[in-house]
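To start, the structure under review is shown below, and the notes come after it.
Excluded from the calculations below are hydrogen atoms, water molecules and symmetry mates; all remaining heavy atoms, backbone and side chain alike, are included. All of these numbers come straight from a predicted model, not from anything done at the bench. By convention in this document, chain letters (A, B, ...) are assigned in the order of the sequence lines, proteins followed by strands, and residues within each chain are numbered from 1.
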There are 2 protein chains.
Amino acid sequence: MARTPQDITDAELAVLQVLWDKGPLPIRRITDQLYPEGKTAQYATVQKLLERLESKACVSRERGGVNIYAAMIDRDDLVGRRLQAVAEKLCGGSWTPLLTHLVQVRGLSEKDRQALRRMIDDFDPRKTKKERRGKEQS
Amino acid sequence: MARTPQDITDAELAVLQVLWDKGPLPIRRITDQLYPEGKTAQYATVQKLLERLESKACVSRERGGVNIYAAMIDRDDLVGRRLQAVAEKLCGGSWTPLLTHLVQVRGLSEKDRQALRRMIDDFDPRKTKKERRGKEQS
DNA sequence: GAAATAATAAGACGGAATGACTGAGATGTC
DNA sequence: GACATCTCAGTCATTCCGTCTTATTATTTC
């Protein structure tokens with residue numbers, strides 16, 4: 001039973017979080033965020049994490065005097081990947097059980113409830129874009 | 001950056017799936033399902049996996065002439081754990097982004113849409129149980 | 001009830017994953 | 001040209017996790 005490696009590890013995620021928060025940065029700036037007292041060793045650690053993230057196409061590198069790294073996936077992309085993994089491994093690929101779980105077990109705030117009702121309508125494929133536009137204006 | 005081990009590994013999950021499908025079983029029966037030609041080695045593998053699952057309180061063991069193992073968590077429990085992990089690591093603990101993702105990115109079937117509308121109403125805490133009962137009857 | 005068969009128990013193994021590190025060279029900067 | 005800083009290319013150590021071995025204790029079968 002071949003084990004499936006993590007898509008993105010904890011340490012890699014920490015790097016991504018910095019890029020999401022601060023935007024594109026050189027390694028040094030990322031290191032400062034993650035290891036405030038960081039010296040050469042920690043710098044190299046961040047470098048290695050970026051190298052792995054790049055090989056997974058999760059960050060891009062702008063080469064130059066100093067390389068600048070930027071996130072190529074955003075939080076929601078990653079949320080999507082992880083939800084997909086859950087759906088595939090536990091629900092035979094179906095999304096519905098996830099949805100049901102969230103609504104029934106976790107419950108909804110009043111805000112959630114309103115937003116959800118609106119989303120259900122807005123993303124109803126039976127409605128044309130024109131109809132949706134009309135709804136928004138009302 | 002301490003790494004977080006998987007809650008339940010792939011091989012452990014395979015064992016759980018058998019117990020979910022077939023109900024409580026002795027090791028031998030589980031082994032038959034997972035390794036149809038399984039001999040002593042594979043039997044021991046399943047045994048080790050069950051031992052680890054037991055230490056995580058995911059299966060119970062009824063001791064006797066032959067030990068019988070039973071799942072102590074069901075699929076939805078595990079779905080919940082994994083969704084929680086996603087929410088905590090990527091959404092600051094909030095469930096809303098998961099919900100939003102499912103509805104917006106994955107889309108809803110007509111059936112989903114109907115079921116969801118009903119759930120939103122049913123689990124609305126502003127409504128008393130009496131009101132919900134009334135609604136169901138209508 | 002002895003031989004054969006099967007189950008339990010305890011530990012060891014090995015490859016891969018992952019966070020962290022070192023050292024040599026390149027590139028700038030004053 | 002000296003100094004700091006960055007890049008690059010490894011290496012390392014620990015843990016994880018799927019797997020297997022061996023020994024001991026039941027259980028069956030004739």
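- Backbone-only contact: A:Thr9 has heavy atoms under 4.0 Å from sugar-phosphate atoms and none from a base.
- Nucleotide D:dT22 holds its C1' atom 16 Å from the NZ atom of B:Lys39, rounded to whole Å.
- Below the 3.5 angstrom threshold, one finds a donor paired with an acceptor across the side chain of B:Gln47 and the base of C:dA9.
- Considering only the side chain of A:Gln42, C:dC21 comes nearest among D:dC20, C:dC21, C:dA17.
- Considering only side-chain N and O atoms, B:Asn67 lies nowhere under 4.0 angstrom from the phosphate OP1 or OP2 of C:dA7.
- Distance A:Asp10 CG to C:dG19 C1': 10 Å, rounded to the nearest Å.
- Atoms CG (B:Leu50) and C1' (C:dA10) sit 16 Å apart, rounded to a whole Å.
- Taking atom CD1 of residue A:Ile27 and atom C1' of nucleotide D:dT5, one finds them 11 Å apart after rounding to whole Å.
- Between B:Arg118 and B:Asp121 there is no salt bridge, since no side-chain nitrogen of the basic residue lies less than 4.0 Å from a carboxylate oxygen of the acidic one.
- In terms of phosphate contacts, A:Arg63 brings no side-chain nitrogen or oxygen within less than 4.0 Å of OP1 or OP2 of C:dA26.
- Relative to the side chain of B:Lys48, the nucleotides C:dA7, C:dA12, D:dC17 differ in distance, and C:dA12 lies closest.
- Taking atom CE of B:Met1 as the reference point, atom P of D:dT15 lies 16 Å away to the nearest angstrom.
- For the pair A:Arg52 and A:Gly64, nearest-nucleotide mapping onto DNA chain C gives the more 5' position to A:Arg52.
- Residue A:Arg28 is in sugar-phosphate contact alone, with no base atom involved, counting any heavy-atom pair closer than 4.0 Å across all strands shown.
- Between the side chain of A:Arg3 and the base of D:dC16, a donor-acceptor pair under 3.5 Å is found.
- Contact between the side-chain N/O atoms of A:Tyr43 and the OP1/OP2 oxygens of C:dC21 is not found at any separation under 4.0 Å.
- Between the C1' atom of D:dC17 and the CG atom of B:Asp7 lies a distance of 14 Å, rounded to the nearest Å.
- Ion pair A:Lys56/A:Asp7 not flagged as a salt bridge, since none of the NZ, NE, NH1 or NH2 atoms sits closer than 4.0 Å to an Asp/Glu carboxylate oxygen.
- Within 4.0 Å (heavy atoms only), B:Ala41 reaches at least one base atom of the nucleic acid.
- Placement of B:Met119 and B:Leu98 within a single hydrophobic cluster is found when ILVMFWY residues are connected by side-chain heavy-atom separations under 4.5 Å, directly or transitively.
- Within the nucleic acid shown, B:Ala11 comes within 4.0 Å of sugar-phosphate atoms alone, with no base atom in reach, counting heavy atoms only.
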### Message
Please determine whether side chain to side chain contact (heavy atoms under 4.5 Å, CB included) holds for the pair B:Met72 and B:Ser60, giving the CA-CA distance in whole Å, both sets of side-chain angles, and the decisive distance to 0.1 Å.
### Response
CA-CA 6 Å; B:Met72 294 188 71; B:Ser60 65; 3.6 Å; yes
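- One interatomic measurement links the two molecules: CG of B:Leu49 to C1' of C:dA9, which rounds to 15 Å at whole-angstrom precision.
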### Task
May I have the step-by-step check of side chain to side chain contact (heavy atoms under 4.5 Å, CB included) for B:Asn67 and B:Glu62, ending in yes or no?
CA-CA 6 Å; B:Asn67 294 345; B:Glu62 186 189 339; over 6 Å; no
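- Of the two residues contacting DNA chain D, namely A:Glu51 and B:Gln6, the nearest-nucleotide position lying further toward the 5' end is that of A:Glu51.
- Here B:Asp21 pairs with B:Arg75 in a salt bridge; the nearest charged N to carboxylate O distance falls below 4.0 Å.
- One atom, CD of B:Glu62, and another, C1' of C:dA7, lie 16 Å apart when rounded to the nearest Å.
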